[in-house]
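Here the structure is laid out as structure tokens; the discussion comes afterwards.
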2 protein chains.
Amino acid sequence: MCGNGKNCIFGNPKIIDTFVPLYIRAAVARFIMHEGNKVTINDVAKAAGVSKGTVDRVLHDRGEVSAKSKEKILKVIAELGYRPNFYASILASKKNYLISCIIPEFNDGEFWELTEKGIDQGKEYSGRFGISIEPVMYDQYDLESFQRACAKVLASEPSGVVIAPMFRNETLKFVKELSDRNVPYVYIDSKLEDDGYLAYYGMPMYQSGYLCADILTDGHPVRKVHIIRIARDKRGLSDPTVTRRTGLIDYISEHYPDCVIENTFIDPKDKAARYGKLDELFRNDPDPWKYIVMCNSRVHFVADYLRDRNIRTCRVIGFDVLEKNLSALRDGYVQALIAQHSDRQAAAAITALTDYLILHEGPAKKDNYTQMDILNRYNCDYYI
Amino acid sequence: MCGNGKNCIFGNPKIIDTFVPLYIRAAVARFIMHEGNKVTINDVAKAAGVSKGTVDRVLHDRGEVSAKSKEKILKVIAELGYRPNFYASILASKKNYLISCIIPEFNDGEFWELTEKGIDQGKEYSGRFGISIEPVMYDQYDLESFQRACAKVLASEPSGVVIAPMFRNETLKFVKELSDRNVPYVYIDSKLEDDGYLAYYGMPMYQSGYLCADILTDGHPVRKVHIIRIARDKRGLSDPTVTRRTGLIDYISEHYPDCVIENTFIDPKDKAARYGKLDELFRNDPDPWKYIVMCNSRVHFVADYLRDRNIRTCRVIGFDVLEKNLSALRDGYVQALIAQHSDRQAAAAITALTDYLILHEGPAKKDNYTQMDILNRYNCDYYI
DNA sequence: TTTAATACCGTGTGCGGTAACGGAAAAAAT
DNA sequence: ATTTTTTCCGTTACCGCACACGGTATTAAA
């Protein structure tokens, strides 16, 4: 295994750039690992007329190699299509890689629980390669908590980081530090506008809103759409659902120019206040048939209300497969959920980092938008 | 790595059963690999007062070990929670595992192409563990071709088999032979009623038909549903879409008892005849608004017709994400597609076999029903 | 010119297994 | 009692790589 990504020729394209002409680089790239690759470090050494120790020094860019030898060795490596055997590599090196995962903390049944499950899945994969995973949680409503999490991660000197960002500026500061330290990082859920990240796995938020509106309206003569929102303190927050709401609103104004969009803010912690707000909504909207949307994962708040009030004259669309949302879907208080496999996002992030650390291969695509799954009562039970 | 699954103590619970009491087995099971597990074969040897050669013989049940030593060693293994390091194992053993994948052959853009892609994905995973993959295709309309494929696979003596069955009896005969040889096999797409398989990955066919009907009717006052079917020769064939059609019909008769279901058979190879049939359909149905379904992946046949005839007064639902189906969806000739990730099914099958061969761990669940994805024009572009 | 410093490079050991080999002890045959 | 066979087990040589170590040219300092 390569000692550290930033010096290894397999990890750092710049180094290979310096020494290897394009056509050979192509050969290297073309080379497919594991496929009867019987070229060993000894073959390379022999072909280059040096010892394997020297080849190893080149491979890991540990220096103490003359420019001439280095060039020759790199050439031979390319020509022979040598790739280190990573079983032997892992076996011989006693390195301990660590990937830290920074995500919001959560209660049972909440959105981020699924992400944590994905982390466990990813752990299973990375564990095979001797890479350990450390989840680090923060309170998504508390900036300082996020700062503490970042500091903790930096202190543990991880080899890679997975991060679900919520605080824009602080995150940018943090990833800047990671870049300086040459620690690869992967965004999940949402990403920021820097571009030093190794990969991003998340939902296309704007399109999810657009899709949501399409399912909500579904050709009906819709005259008013209610967006239920969570009243939250938002200093420094980068709420990804804003983008989703934009997509939703755009669809409405394109397809239903006369449709009114009404925002209702509810309090997640105060049931009475919540019910009051919703009562008000129902009182004020003369249309017997209501169109209701929530852009975050909390549509079960609406469903609970409808259930309690025994109201069935609504078309309600929400997001994400929380257990509460699913039961609302099954009971018919929510007509559809738009879901994403946020567990797969987390798992993919870890897989990408693992492959990067072990195989020195970046992911095929940098930005990976996960599919938007439409769930109704007939297919939700097969949604894992 | 374990020499062969049937003798290896990690592969065969029976052997462990014989020698290790329950509470120790629990300890073994609890043991988590890779997590700072520093117990090596030498530790075991030392603790058992034998050489590592003897331990190795026990591990692989190669015999030439006294009952007493064996017992002692197994006890120590359990107590210490020893698990072989599979890097070292793979490195040291020059074994060549082979997984054969038997699937129908296909032309570009057809259903099984996606499955083949999944095989490639799986190959990437299995390749990491020195396991090679051999796809073997057969003509799904030609029994003898299937028999040839099976014979070929048996001749290559694979360590594991992935199979997408189409011919019921022949497949049962084939998997019986695999069982006798102690070769694990995994079903994809559909499965048969034997239960010797290691795992199954596929879509819940009945439910997919049910779901399809729900999306097709969607609350409309539907009085007639047209099922377009492919006229095919079907001796000995086990067509999985039959089940799907059943689900479809059941939904209709439950929700629309007065609705008429009409079957129209078209010829995939004869365009003129096909158009003739569809012209006839449109001529005979007085309702201006038609509800059309195809239960296989060929809904693009209908879409092409509608495009050519410039007909837009249909609600058309189909299955699977062929490129032709997608463009029909985008152009509005098909309203929705119900899709499955058949690539993931294949990849999961290979992964399961790989883990079984390398780690001696069966999959968490034997029957794995993949989710049913509802695709419309707004989310299909994010479907990978 | 001698010596010290530096730049380069080969050798060797070990990581945790696998499996062939050969030998000692026990059992069986003579 | 001796020989032969069988049973059982330790030794040893890898597998491909990482890395410490020590050595030899080469260059700089004295």
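Each chain gets a letter, A, B and so on, in the order its sequence line appears, and its residues count up from 1.
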Using the side chain to side chain donor-acceptor pair (under 3.5 Å) rule, take Tyr197(A) and Asp367(A) through it: C-alpha gap first, then chi angles, then the decisive distance, then the call.
CA-CA 10 Å; Tyr197(A) 57 98; Asp367(A) 289 317; 2.8 Å; yes
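Between the CG atom in Asn368(A) and the CD1 atom in Ile188(A) there is a gap of 12.5 Å [rounded to 0.5 Å].
For the pair Ile103(B) and Pro135(B), the minimum side-chain heavy-atom distance is 4.5 Å or more.
A straight line from CD1 of Ile90(B) to C1' of dC15(C) spans 15 Å, rounded to a whole angstrom. Atom NE2 of His60(A) is separated from atom C1' of dC17(D) by 8 Å (rounded to the nearest Å). Between the CG atom of Leu80(B) and the C1' atom of dG16(C) there is a distance of 15 Å, rounded to whole Å. Note: CG (Asp56(B)) to C1' (dA20(C)) measures 12 Å, nearest angstrom. Remark: C1' of dT5(D) and CD of Glu64(B) are 14 Å apart, rounded to the nearest angstrom. If you measure from atom CZ of Phe86(A) to atom P of dA18(D), you get 13 Å, rounded to the nearest angstrom. Whole-Å rounding puts the Asn96(A) CG to dA18(D) P distance at 16 Å. With rounding to whole Å, Arg62(A) atom CZ is found 14 Å from dG10(C) atom P.
Contact check on Glu177(A) versus Lys173(A) returns no salt bridge, with no Lys/Arg side-chain nitrogen under 4.0 Å from an Asp/Glu carboxylate oxygen. Ion pair Asp56(B)/Lys52(B) not flagged as a salt bridge, since none of the NZ, NE, NH1 or NH2 atoms sits closer than 4.0 Å to an Asp/Glu carboxylate oxygen.
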Taking only nitrogen or oxygen atoms into account, show me every contact under 3.5 Å that the protein makes with nucleotides 10-16 of chain D, one pair per line with its distance.
residue : atom : partner  : partner atom : Å
dG10(D) : OP2  : Ser51(B) : N            : 2.7
dG10(D) : OP2  : Ser51(B) : OG           : 2.8
dG10(D) : OP2  : Thr54(B) : OG1          : 2.6
dG10(D) : N7   : Arg57(B) : NH2          : 3.0
dG10(D) : O6   : Arg57(B) : NH1          : 2.8
dC15(D) : O2   : Ala92(B) : N            : 3.4
dG16(D) : N2   : Ala88(A) : O            : 3.4

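A sub-4.0 Å separation between OP1 or OP2 of dC9(D) and a side-chain N or O of Ser66(B) is present.
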Return a table of donor-acceptor pairs under 3.5 angstrom between the side chains of residues 345-352 of chain B and protein atoms on other chains or two or more places apart.
residue   : atom : partner   : partner atom : Å
Gln345(B) : NE2  : Gln340(B) : OE1          : 2.7
Gln345(B) : NE2  : Thr370(B) : OG1          : 3.0
Thr351(B) : OG1  : Ala347(B) : O            : 2.8

